[in-house]
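Reading through the structure tokens given below for one structure.
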Amino acid sequence: MSLLFTFDGHPLHVLHLRGRTAFIAAELGAAAGYDDGQRFVDLICRDWARSFEEDDDIAQIVGAELEAIKREVGLPATTKLLLVLFPTGAERALLLSRARFSRSLIGFVHAAVLARMITFPQGEHPEDTGDSEG
């Protein structure tokens, strides 16, 4: 299951993955100001890697789990690996970032996304998730 939010015109798919809320790292990066988000993913995997715990903060999604996400959110068929950030990882990566909208994106994630995920039990999420300015 996923919900689609927008931040300053950028899509943010919020996934329910392994019983937890997760964000697609490249989408967060693009919304923060890293063009297509790949530089953000590279920074997480290389420069900031010691700041994250696999399966607590981040996860690399492959195989059948990736195929299900690709169908649900419309990722390119050529996607072979997807980096996702759980809430602690998303906040940590955005705090490490110096991108233009990182700080306001943290506020949006807390106020709009996580608050809504807590408020509505699984399967009862509203369809319209609105938009926020960056």
Side-chain angles (χ1 to χ4, degrees):
M1 180 193 89
S2 70
L3 291 174
L4 177 62
F5 291 81
T6 57
F7 177 82
D8 195 33
H10 293 277
L12 293 173
H13 288 92
V14 180
L15 310 170
H16 185 75
L17 183 69
R18 301 176 187 173
R20 300 172 62 195
T21 298
F23 302 88
I24 297 172
E27 289 182 348
L28 275 180
Y34 286 95
D35 295 323
D36 67 356
Q38 187 56 50
R39 170 98 172 100
F40 185 68
V41 170
D42 292 343
L43 285 167
I44 292 167
C45 293
R46 293 183 194 148
D47 298 7
W48 305 335
R50 291 185 193 155
S51 299
F52 301 94
E53 294 292 327
E54 184 74 27
D55 296 325
D56 285 336
D57 300 317
I58 64 174
Q60 295 182 34
I61 308 303
V62 296
E65 199 172 33
L66 174 61
E67 293 304 316
I69 293 170
K70 284 171 28 176
R71 285 189 301 275
E72 188 167 342
V73 303
L75 295 174
T78 56
T79 303
K80 302 291 182 213
L81 179 126
L82 182 68
L83 182 70
V84 298
L85 300 168
F86 298 112
T88 55
E91 184 170 1
R92 188 167 293 133
L94 291 169
L95 285 170
L96 289 167
S97 170
R98 294 180 188 216
R100 183 174 178 197
F101 297 112
S102 293
R103 299 304 184 261
S104 56
L105 186 52
I106 290 170
F108 176 76
V109 165
H110 281 278
V113 179
L114 294 178
R116 187 160 297 161
M117 300 302 282
I118 291 168
T119 304
F120 294 94
Q122 184 180 352
E124 296 181 21
H125 298 285
E127 299 267 336
D128 180 17
T129 56
D131 190 15
S132 174
E133 298 283 325

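Looking at every heavy atom in both residues, Ala30 comes nearest to Asp35 through CB-O, 3.3 Å. In terms of heavy atoms, Arg103 sits closest to Ser97 at NH1-O, 3.3 Å. The shortest non-hydrogen separation linking Leu12 to Phe7 is CD1-CB, 3.8 Å. The heavy-atom pair separating Arg20 from Asp56 by the smallest distance is NH2-O, 2.8 Å. Closest approach of Pro87 to Thr21, counting heavy atoms only: CD-O, 3.1 Å. Across all non-hydrogen atoms, the minimal contact from Ala99 to Ala32 is CB-O, 3.2 Å.
Between the CG atom of Leu94 and the CZ atom of Phe40 there is a distance of 4.5 Å, given to the nearest 0.5 Å. For the atom pair CD1 of Ile69 and CG of Leu82, the computed distance is 5.5 Å after rounding to the nearest 0.5 Å. The OH atom of Tyr34 sits 11.5 Å away from the CG atom of Leu28 when rounded to the nearest 0.5 Å. Atom NE2 of residue His10 and atom CG of residue Asp36 lie 11.0 Å apart, to the nearest 0.5 angstrom. Distance CG/Leu75 to CD/Glu67: 10.0 Å, rounded to 0.5 Å. From Phe23, atom CZ reaches atom CD of Glu91 across 10.0 Å, with rounding to the nearest 0.5 Å.
Taking the side chain to side chain donor-acceptor pair (under 3.5 Å) definition, one finds that Gln60 meets it with nothing, sequence neighbours left out.
One hydrophobic cluster holds both Leu105 and Trp48 under the rule that ILVMFWY side chains link at heavy-atom gaps under 4.5 Å. Following chains of ILVMFWY side-chain contacts shorter than 4.5 Å, one can reach Leu3 starting from Val109, so the two form part of one hydrophobic cluster. Follow the hydrophobic side-chain contacts under 4.5 Å out from Phe86 and you never reach Val62; the two are in separate clusters. Follow the hydrophobic side-chain contacts under 4.5 Å out from Leu83 and you reach Phe52 in the same cluster. Leu66 and Ile58 fall into different hydrophobic clusters, where Ile, Leu, Val, Met, Phe, Trp and Tyr are joined by side-chain heavy atoms under 4.5 Å apart, directly or via other members.
Residues Phe108 and Phe5 meet the side-chain proximity criterion, which asks for heavy atoms closer than 4.5 Å. At least one side-chain heavy atom of Val73 sits under 4.5 Å from a side-chain heavy atom of Leu15. With contacts defined as side-chain heavy-atom distances shorter than 4.5 Å, the pair Leu43/Leu96 does not qualify. When side chains are defined from C-beta on, Ile61 counts as touching Arg18, because their heavy atoms get closer than 4.5 Å.
The environment of CZ in Arg100 is sparse: at most 12 heavy-atom neighbours from other residues, nucleotides or ligands sit within 6.0 Å. Other residues, nucleotides and ligands contribute only 12 or fewer heavy atoms inside 6.0 Å of the CD atom of Glu53.
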